[in-house]
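Counting starts at 1 for both ligands and their atoms, in listed order. All of these numbers come straight from a predicted model, not from anything done at the bench.
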Amino acid sequence: MGAGIAQIAAAAGHEVLLFDAREGAAEKAIVGIAAQFSRLAEKGKLSAAEASAASGRLKAARDLQGLFDAGLIVEAIVENLEAKQGLFRSLEAIVAPTALFATNTSAISVTAIGAALTQPERLAGLHFFNPAPLMALVEVVSGLATTPSVAETLYDTAKAWGKSPVHTTSTPGFIVNRVARPFYAEAQRVLQEGGADAATIDACCKEGGGFRMGPFELMDLIGHDVNLAVTKTVWAAYFHDPRFLPSLLQQEMVAAGFLGRKSGRGFYDYRPDATNPPPNTASDARATLDAAGPVTVFGQSIAAQALRERLTAAGRPCLSAEATDDRIAQVGEAVVYVTDGRTASHRAFASGLANTFVIDLALDYRTASRLAMAGAEGANEAARSQAVGLLQAAGFAVSVFRDVPGLILMRTVAMLANEAADAVNQGVCTVAAADTGMRLGVNYPLGPLAWADAIGLPRVRDVLAHLGQAYGEDRYRISPLIHQRVFAKKALYD
Ligand SMILES: NC(=O)c1ccc[n+]([C@@H]2O[C@H](COP(=O)([O-])OP(=O)(O)OC[C@H]3O[C@@H](n4cnc5c(N)ncnc54)[C@H](O)[C@@H]3O)[C@@H](O)[C@H]2O)c1
């Protein structure tokens with residue numbers, strides 16, 4: 001990480017001194033960074049003169065004393081509190097009292113690192129994402145003693161380096177590593193409960209939710225040992241708040257040595273000649289619609305409007321009707337709703353309509369290519385085929401899930417938004433910073449809070465409340481900020 005940060009600063013025009021405790025490491029890093037600059041010049045992203053000037057701005061320091069005239073020290077050493085405290089304490093005796101200190105720690109409290117210093121007010125976190133030269137996000141982390149002007153200067157500096165910084169307070173996981181936990185956790189819960197297999201969940205998240213990678217592919221890439229360690233750290237740091245409860249499934253993966261790509265096996269099999277099953281996709285049931293009578297689409301919700309447009313575009317015009325309850329469509333015996341966090345069976349019990357089906361959230365129902373769907377346990381086979389056929393006629397690949405609460409995308413996005421809302425509610429960051437963090441730090445297609453506004457906050461609140469009822473776990477407790485905004489009839493961005 002240190003080399004990546006040095007590359008960014010040198011490219012932005014700073015003279016950069018590199019120091020590493022390991023003999024020769026700084027010199028080696030400089031050779032590597034110079035090679036990066038040459039490659040950028042070959043690709044036409046820098047002129048040859050700029051590349052050579054940028055390389056010329058990098059120097060190795062022989063010892064810490066060599067950093068005596070630095071204006072900003074960015075620390076990216078081993079992730080250990082005592083080591084980081086020790087380094088900054090030594091630097092306090094070397095550099096000017098006006099020099100600023102930044103730590104690239106991923107998980108250690110910036111407040112705790114600062115506690116060892118005589119001048120803790122000049123230390124803040126500057127948390128880059130890997131690979132630092134490519135990832136736009138930088139979390140600027142204020143510890144309890146950090147002076148606001150220091151955080152502002154670091155923010156402006158990151159911006160001048162071409163990054164998109166966000167302010168956050170020194171709380172476990174900062175923004176990204178905290179808010180991202182449900183992306184992995186909800187998927188693992190749905191898998192553990194037999195809602196669907198890993199490939200099907202991943203396909204729904206990508207083709208319905210617009211995520212670049214599904215949660216299982218991503219965990220396999222990160223490594224289950226690393227992903228579990230981050231979850232455990234955040235969980236412990238929040239005094240074992242059930243919001244962050246790690247997954248037994250992932251613990252078993254680590255125990256088995258199935259660490260993901262790096263070990264050849266994770267949720268997927270990466271060994272030579274291995275084949276992985278495709279996502280579960282319902283076979284074509286559109287023919288059942290012919291005998292089922294007309295399709296009726298209800299109301300003006302985003303999902304209903306998209307369904308109408310898609311059916312019409314596919315040459316299957318439908319009837320339109322005013323919304324009576326929350327249903328979006330009906331064909332033959334099947335009645336279809338967008339999930340509100342209840343299972344289809346729960347809804348069927350409440351409404352007396354045995355042939356109840358629920359579909360998942362989509363990032364954009366007009367363009368999504370796959371949807372998860374589940375039917376009530378008492379639904380008959382004809383109605384099942386009609387519900388599947390209806391969605392297929394509108395051009396969706398359909399993945400039929402076991403009837404789990406909130407399917408996959410709806411519960412995941414509701415929980416991501418809940419965590420982001422709680423971070424905002426606790427003064428960790430602003431609404432915009434939470435969304436920027438998740439879009440740029442982990443490439444989400446939309447910030448979770450903007451997404452919650454698009455879904456409608458009352459629906460998000462209902463989903464969380466129903467998940468809470470279904471599981472009886474404090475994990476799903478609703479952020480006070482969501483309640484407040486719903487009561488005020490306002491969106492998070494209002
Ligand atoms: N790897 C990531 O994806 C990532 C992302 C964001 C933040 N971080 C954080 O960045 C920091 C570095 O992570 P990394 O993955 O680059 O680690 P790394 O082990 O690859 O590099 C750490 C370097 O620090 C040197 N070092 C160790 N102790 C030192 C000391 N006392 N003085 C000077 N040099 C010392 C080591 O020789 C090594 O070259 C950690 O705090 C980590 O949490 C890592």
Could you give the side-chain donor-acceptor pairs of residues 53-62 under 3.5 Å, partners two or more places apart or in another chain?
residue: Ser55; atom: OG; partner: Ala51; partner atom: O; Å: 3.1
residue: Arg57; atom: NE; partner: Ala10; partner atom: O; Å: 3.0
residue: Arg57; atom: NH2; partner: Ala10; partner atom: O; Å: 2.9
residue: Lys59; atom: NZ; partner: Gly56; partner atom: O; Å: 3.2

Carboxylate-amine/guanidinium contact Glu419 Arg181, below 4.0 Å: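 Looking at Glu419 and Arg181, the cut-off is not met.
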Electrostatic pair Glu186-Arg475, nearest N-O below 4.0 angstrom: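 Between Arg475 and Glu186 there is a salt bridge, with a charged N closer than 4.0 Å to a carboxylate O.
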Protein N/O near ligand 1 N/O, under 3.5 Å, which pairs?
residue: ligand 1; atom: 3 (O); partner: Asn130; partner atom: ND2; Å: 3.2
residue: ligand 1; atom: 8 (N); partner: Ser106; partner atom: OG; Å: 3.2
residue: ligand 1; atom: 10 (O); partner: Asn104; partner atom: ND2; Å: 2.9
residue: ligand 1; atom: 16 (O); partner: Met1; partner atom: N; Å: 2.9
residue: ligand 1; atom: 34 (N); partner: Ala21; partner atom: N; Å: 3.1
residue: ligand 1; atom: 37 (O); partner: Asp20; partner atom: OD1; Å: 2.6
residue: ligand 1; atom: 37 (O); partner: Arg22; partner atom: NE; Å: 3.4
residue: ligand 1; atom: 39 (O); partner: Asp20; partner atom: OD1; Å: 3.4
residue: ligand 1; atom: 39 (O); partner: Asp20; partner atom: OD2; Å: 2.5
residue: ligand 1; atom: 39 (O); partner: Arg22; partner atom: NH2; Å: 2.9
residue: ligand 1; atom: 41 (O); partner: Ile77; partner atom: O; Å: 3.3
residue: ligand 1; atom: 41 (O); partner: Glu79; partner atom: OE1; Å: 2.5
residue: ligand 1; atom: 41 (O); partner: Lys84; partner atom: NZ; Å: 2.8
residue: ligand 1; atom: 43 (O); partner: Glu79; partner atom: OE1; Å: 2.9
residue: ligand 1; atom: 43 (O); partner: Ser106; partner atom: OG; Å: 2.9

Under the side-chain hydrogen bond (donor to acceptor under 3.5 Å, both in side chains) test, which residues partner His466, sequence neighbours left out?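 With neighbours one apart ignored, the set is empty.
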Can you label the angle between the Tyr238 ring and the Phe244 ring as parallel, tilted or perpendicular, going by 30° and 60°?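 Plane angle under 30°, so parallel.
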If a pair satisfies ring pair (Phe, Tyr, Trp, His ring centres under 6.0 Å) and one of its residues is in residues 90-118, list it, with sequence neighbours excluded.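 Applying ring pair (Phe, Tyr, Trp, His ring centres under 6.0 Å) to every pair that reaches into residues 90-118, excluding sequence neighbours, yields Phe88-Phe101.
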